[in-house]
Amino acid sequence: MHQPATPLNKQDAVTSPDEQRKFVRKLVSVAIVAGAVLITLYVWSTIERHPRTDDAAARANVVGIVPRVRGQIVRLAVQDNQLIKEGDLLFEIDPDDYKLSLDKAKSALAALDQQIEIGKSQDEELKFAVKAGEAGVARAQAQVNQANDSLHRLEPLLPKHFATAEQVDQARTAAAVAAQEVAEQEQKLNQARTQLSTLQTLLAQRPGAVAAVKLAELELSYCKVVAPFDGRVVNLNISAGAYASVGIPVFSLLDTRKWYVVANFREAEVRHMAPGSEAIVYLSSAPNQRFRGKVQGIGWAVKPEGEIDLPPAGVPYVKRELNWVRVAQRFPVRIEVENPDEDLFRMGASAVAIIKGPPRK
């Protein structure tokens, strides 16, 4: 005869749901731990492959506006922090002294040109005078030669009474007169040549006079200082009336045409990037806006902390201590921003940089 099933006792009915709940809790705990490990590994792998740092700052080139001439500033056309365009007038230096210098140089050139014109008008006459002088010297030299020949022929004849003393004296006088005539003709020839060379000297001086005029014009143009590029005026602390000196900046100009971010990455992260690597930049002032960038270069040298400067031939300095905790060195990475916002980017603004991928091909 079929035996009826033995009913579960009261204790088994009570403990069975508890065991199930414990089992479920164990499964959930294991899943949470496994998920945490997987998430940790994923985050670590992402950070390892795509390094990021918040030790970064926005940068732009700053150029000092240096006048090329000295003088009092008579006009200041900009204000501090003003946005300007290339070619805009920044300030003007008193041009009076440079106008006088230009007038003086032009006057000297005009006087030289007048002398050259006079010399050119006399050029043919001077050339004729030179030729006439050369001919006169040749003629006088021929007379000297003839007089000397006559004297040399008569002197041997005087002891033999074939010539008289009077004839010899006349020959000597003729030779002396001929020699004096040669000296006079040579003097005239030299004077003609000197006058002719004066024109060549004046012509040789003209390029220098023209250069003096151009230099004076250039210095006068330097009195108006214009913006060499688009940018923003910074560190303007002067007023009209101040004296500007050559080589000393009056104020600075921030080059807003190109922005970049200098981000300091740990030395172990540097191997994951190279010039041309894609990057993403965030500004602390606008965390919701993302800016594209690419790595322009990675720093090759930083000064170790605590190092003492010694001469090249000095003895190395080693501190008598142990550093139990080694802090990874950071190297600056320069990231060029491709789509900067002129209204958001400021020199020195805090930023976050993330390296996203390998160099672009």
Does [X] reach the main-chain N or O of [Y] with its side chain, forming a donor-acceptor pair under 3.5 Å?
X	Y	value
Thr53	Asn264	yes
Asp255	Gly231	no
Asp80	Asn235	yes
Glu336	Lys294	no
Glu267	Gln329	yes
Ser221	Leu218	yes
Asn339	Arg292	yes

Starting at [atom1] of [X], measure out to [atom2] of [Y] and round the result to the nearest 0.5 Å.
X	Y	atom1	atom2	result
Arg206	Gln115	CZ	CD	12.5 Å
Ile65	Leu253	CD1	CG	4.5 Å
Leu236	Gln79	CG	CD	8.5 Å
Glu342	Arg232	CD	CZ	7.5 Å

Stepwise side chain to side chain contact (heavy atoms under 4.5 Å, CB included) test for Asp54 and Ser350
CA-CA 8 Å; Asp54 57 0; Ser350 300; over 6 Å; no
Between Phe345 and Phe291, does the ring centroid distance fall short of 6.0 Å?
yes
